[in-house]
Trainee: 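Take a look at the following structure, please.
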Amino acid sequence: MIFMDEDLSFLKNGFRLDGRRPDELRPIKIEVGVLSRADGSCYIEMGDNKVIAAVYGPREVHPRHLQKVTRAIVRFRYNMASFSVEERKRPGPDRRSHEVSKVSREALEPVILTAYFPRSVVDIFVEVLQADAGTRTAGINAASVALADAGIPMTSLVSACAAGKAGGHIMLDLMKEEDNFGEADMPIAMTPSGEISLLQMDGNFTQEEFGEALELAKNGCRQIYDIQRKALSDKYRKMSGEKSNEVAEGVEVYE
Ligand code: ADP
């Protein structure tokens, strides 16, 4: 925890409160397939955020009146554990978790090939174990990898991160102090081809600042995409290593 004082400086000699450069992401760690009962799962750490995502489906829709005859529906539930923040958070859904669930679902739904699975549902659960600003983007990154781990057909992965402004400086991936005491925060989600499926903004930017922050956030998403891809390919490499003796004759294994 960093204590802020009145002569608060978000950038000293070009470095931020946690030692990062303005265009640097927090360290990211991704682990794929961490839950054996889910069809797909992912654990992510983005700085001090710790988030787990579980995907179930495509499976039968309950209640049945929610079924769509032409496509699968996608449900997304974001939840913050009561121990994930400094003061105990009241357990259960609230306005914020409804909002985050809605925008996260909308960030992922466009890449999921829902028409392959009429009358079914893809359920995505995101549990925030530790929060330090940027949990919605961490949740989207984890959910995207968990969807791929579940084998849900998608046009691409989705990567998400925020850019914002603190002390008048545009910076990537704000941590809690920068988010709480800064002037603006703008989370985005993006496909590798640059299509944006989420853009929210808290606070104010000038037009130039908006352009600068958007470029910074897009660049962050590109870096996260590489980490997501690597985490998935590491998992499959490990699996193919473990099962290499069981591969049937005539099946080509790509290393
Ligand atoms: P995000 O986590 O996506 O940045 P917000 O901007 O709404 O979403 O929240 C920023 C941060 O504020 C969270 O990551 C968390 O650290 C903190 N926070 C959010 N809700 C609560 C809460 N009910 N109690 C304490 N801290 C919270």
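One-based numbering, in listed order, for ligands and for the atoms of each.
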Trainee: Quick test: of every protein heavy atom, which one is nearest to atom 2 (O) of ligand 1, and how far off is it to 0.1 Å?
Mentor: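 Protein heavy atom at minimum distance: Thr135 OG1, 2.5 Å.
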Trainee: Name the option, out of Lys176, Gln130, Gln200, that contains the heavy atom nearest to atom 17 (C) of ligand 1.
Mentor: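 Result: the heavy atom closest to atom 17 (C) of ligand 1 is in Lys176.
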Trainee: Relative to Phe117, does Arg71 satisfy both conditions: NZ or CZ under 6.0 angstrom from the six-membered ring centre, and within 45 degrees of the ring's axis?
Mentor: no
Trainee: Would you say Glu99 and Arg136 make side-chain contact, with heavy atoms under 4.5 Å?
Mentor: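 They are in side-chain contact.
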Trainee: Just to confirm my output: which protein heavy-atom neighbour is closest to atom 24 (N) of ligand 1, and how far is it?
Mentor: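 Looking at atom 24 (N) of ligand 1, the protein heavy atom closest to it is Val85 CG2, 3.7 Å.
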Trainee: Is a side-chain donor-acceptor pair under 3.5 Å present for Tyr78 with Thr135?
Mentor: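 Yes, Tyr78 and Thr135 have a side-chain donor paired with an acceptor closer than 3.5 Å.
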Trainee: May I ask you to test the Met171-Asp23 pair for a side-chain heavy-atom distance under 4.5 Å?
Mentor: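 With C-beta onward as the side chain, the pair stays apart.
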Trainee: At what distance is the nearest protein heavy atom to atom 7 (O) of ligand 1, and which residue and atom is it?
Mentor: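 Result for atom 7 (O) of ligand 1: Arg96 NE, 2.7 Å.
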Trainee: Measure the spacing between CZ of Arg21 and CG of Leu172 and express it to the nearest 0.5 Å.
Mentor: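 Arg21 atom CZ to Leu172 atom CG measures 14.0 Å (nearest 0.5 Å).
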Trainee: How close does the nearest protein non-hydrogen atom get to atom 21 (C) of ligand 1, and which residue and atom is it?
Mentor: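 Ranking protein heavy atoms by distance from atom 21 (C) of ligand 1, first comes Met80 CE, 4.1 Å.
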Trainee: Do me a favour and list the nearest non-hydrogen protein atom to atom 23 (N) of ligand 1 with residue, atom name and distance?
Mentor: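 Going atom by atom, the protein heavy atom closest to atom 23 (N) of ligand 1 ends up being Lys89 CG, 3.8 Å.
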Trainee: Looking only at the side chains, is there a donor atom on one of Asn141 and Ser144 sitting less than 3.5 Å from an acceptor on the other?
Mentor: no
Trainee: Gly134 to ligand 1: N or O pair under 3.5 Å?
Mentor: yes
Trainee: Between Lys176 and Asp48, is there a salt bridge with N-O shorter than 4.0 Å?
Mentor: no
Trainee: Closer than 4.0 Å to some heavy atom of Ala131 - which atoms of ligand 1 meet that?
Mentor: 14 (O), 15 (C), 16 (O)
Trainee: Identify the closest protein heavy atom to atom 6 (O) of ligand 1: which residue and atom is it, and at what distance?
Mentor: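 Nearest protein contact, heavy atoms only, for atom 6 (O) of ligand 1 is Asp179 OD2, 3.7 Å.
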Trainee: Just go through Ala133, Ala162, Gly164 and tell me whose heavy atom is the nearest to atom 14 (O) of ligand 1.
Mentor: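 Of the listed residues, Ala133 has the closest heavy atom.
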Trainee: Any nitrogen or oxygen of Arg136, main chain or side chain, under 3.5 Å from a nitrogen or oxygen of ligand 1?
Mentor: yes
Trainee: Does the protein place a non-hydrogen atom closer than 4.0 angstrom to atom 12 (O) of ligand 1?
Mentor: no
Trainee: How many angstroms lie between atom OG of Ser84 and atom CG of Asp132, to the nearest 0.5 angstrom?
Mentor: 11.0 Å
